[in-house]
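Input: a single structure, listed below in structure tokens.
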Amino acid sequence: MTTTTKRRPAMDHRMRDRRRAVVSEQLRRRRKTVASIAVLVVLVIAGVLITRSPIFSVTTVQVEGLAASQRQVVREALGIRRGENALTVDLEAATTRVERLPWVAAADVRRLPPAGVIVTVARRRPAVTLRLRDAAWKLDAHGVVMAGGRGKGLPTVFAPDADAPPPGEPVSHAGVRQALGVYRRLSGPQRADITRYDARRPRDVRVLVSSEVARGLGNDRGLWIRIGEPEQVVTKMRVARALMRRLKATGPTVPVAGLDVRVAGNPVAIRR
């Protein structure tokens with residue numbers, strides 16, 4: 001009698017291998033998921049410990065770029081207190097608070113390892129005194145109000161119909177903006193000769209040069225120069241200087257009341 005042995009089809013082996021591969025992949029994914037959760041839990045716990053740890057509490061608030069009398073003002077505006085966590089301090093919000101101070105042009109607030117904060121402040125510089133009807137304010141070169149009162153040695157911008165905004169805000173009066181446009185475009189020596197800007201009429205700015213510059217023109221009160229709009233300002237002032245030299249050389253028979261250089265190529269001397 002002959003015995004016949006049955007063989008399993010090759011398909012059974014492939015299916016068994018496939019099931020093993022699926023189970024292995026599932027186990028690998030589960031291990032990866034568990035590991036990721038464990039890492040996340042560790043990170044959360046570490047974050048909580050760091051944010052609450054006294055090791056990272058702010059111990060110093062350093063202010064640079066200012067005199068001692070102003071550093072405390074900046075510290076108060078900063079709003080960061082010792083004992084706060086240095087890693088969670090909102091530096092952007094702190095910077096905004098410092099820059100709201102009317103005499104601050106810009107501020108840079110950074111962390112100072114291991115647990116400090118450093119603030120570097122750039123101050124506004126008073127450029128002119130804005131003279132209104134019954135008040136005076138110090139402005140920087142861009143028209144931002146810094147404080148009330150006259151600035152010693154500063155030229156005056158005369159605009160009796162203007163209104164001064166609160167300190168820290170820019171003046172919006174068109175004539176004042178035009179006058180400051182002239183101021184910013186002048187070279188250093190040209191700017192030093194001017195004692196007053198007439199900003200009553202927008203687009204028609206006049207500047208008053210000192211009596212020393214106007215000496216020899218029959219005018220001992222200074223000389224008004226009509227600039228017009230703040231365009232080609234340096235060229236216009238050079239033309240005005242050249243015209244003054246020519247008038248002084250010839251010796252004016254009639255005192256000169258002012259110069260009109262609104263058109264730089266055609267300057268005019270205004271006689272009294």
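Worth saying up front: this structure is predicted, and the values here are computed from it rather than measured.
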Note to self: Enumerate the salt bridge (charged side-chain N to carboxylate O under 4.0 Å, His left out) contacts for residues 227-245, please, sequence neighbours excluded, ordered by first and then second residue.
What the structure shows: Asp193-Arg241, Arg203-Glu229
Check: For Arg200, which residues count as a side-chain hydrogen bond (donor to acceptor under 3.5 Å, both in side chains) partner, sequence neighbours excluded?
Finding: Asp198
Next item on the list: Could you walk me through whether Arg110 and Thr120 pass the side-chain contact (heavy atoms from CB on, under 4.5 Å) test, one step at a time?
Entry: CA-CA 9 Å; Arg110 291 175 286 114; Thr120 304; 4.0 Å; yes
Item checked: Non-hydrogen atoms of Ala269 and Leu247 that approach each other most closely -> CB-CD1, 4.0 Å
Check: Which is it for Ile227 and Met237 under the side-chain contact (heavy atoms from CB on, under 4.5 Å) test, yes or no, and what are the steps along the way?
Finding: CA-CA 8 Å; Ile227 298 291; Met237 290 302 296; 3.7 Å; yes
Notebook entry, point to check: At what distance, to the nearest 0.5 angstrom, does CD of Glu76 lie from CD of Gln72?
Noted result: 5.0 Å
Next item on the list: List the atom of Asp140, the atom of Ala127, and the distance in Å for their closest heavy-atom pair.
Entry: C-CB, 3.8 Å
Return all side-chain donor-acceptor pairs below 3.5 angstrom for residues 255-267, not counting sequence neighbours, or 'none' if the list is empty.
unit_1	atom_1	unit_2	atom_2	d
Asp260	OD1	Arg262	N	3.1
Asp260	OD1	Arg262	NE	3.1
Asp260	OD2	Arg262	NE	3.2
Asp260	OD2	Arg262	NH2	2.8

Check: How far does CZ of Arg123 sit from CE of Met146, to the nearest 0.5 angstrom?
Finding: 6.0 Å
Check: For the atom pair CD (Glu92) and CZ (Arg97), what is the distance rounded to the nearest 0.5 Å?
Finding: 11.0 Å
Checklist line | Distance in Å, Leu154 CG paired with Lys152 NZ, rounded so as to fall on 0.5 Å steps | finding: 11.0 Å
Note to self: Quick one, Val74 and Leu101 - any side-chain contact, counting heavy atoms below 4.5 Å?
What the structure shows: yes
Per-pair distances, 0.1 Å, donor-acceptor, side chain in residues 174-184, under 3.5 Å, sequence neighbours excluded:
unit_1	atom_1	unit_2	atom_2	d
Arg177	NH1	His142	O	2.9
Arg177	NH1	Val171	O	3.1
Arg177	NH2	His142	O	3.4
Arg184	NH1	Ala141	O	2.9

Check: Which heavy atom of Leu132 sits nearest a heavy atom of Ala164, and at what distance?
Finding: CD1-CB, 3.9 Å
Margin query: Using a 4.5 Å cut-off between side-chain heavy atoms of Ile, Leu, Val, Met, Phe, Trp and Tyr, which other residues end up in the same hydrophobic cluster as Ile118?
Written below: Leu112
Margin query: Within the structure provided, determine whether Val145 and Leu139 are in side-chain contact (heavy-atom separation under 4.5 Å).
Written below: yes
Checklist line | Cluster overlap Val144 with Val128, hydrophobic side-chain contacts below 4.5 Å | finding: no
Checklist line | Contacts of type side-chain hydrogen bond (donor to acceptor under 3.5 Å, both in side chains), residue Arg226, not counting sequence neighbours | finding: Asp204
Check: What is the distance from atom CD1 of Ile194 to atom CG of Leu208, rounded to the nearest 0.5 Å?
Finding: 9.0 Å
Next item on the list: Could you grab the distance from atom OH of Tyr197 to atom OG1 of Thr156, nearest 0.5 Å is fine?
Entry: 10.5 Å
Checklist line | Ala199 versus Val157, closest heavy-atom pair with distance | finding: CB-CG1, 3.9 Å
Check: Tell me, do Val119 and Arg75 make a side-chain contact under 4.5 Å, heavy atoms counted?
Finding: no
Notebook entry, point to check: How far apart are the closest heavy atoms of Ser69 and Val73, and which atoms are they?
Noted result: O-CG2, 4.1 Å
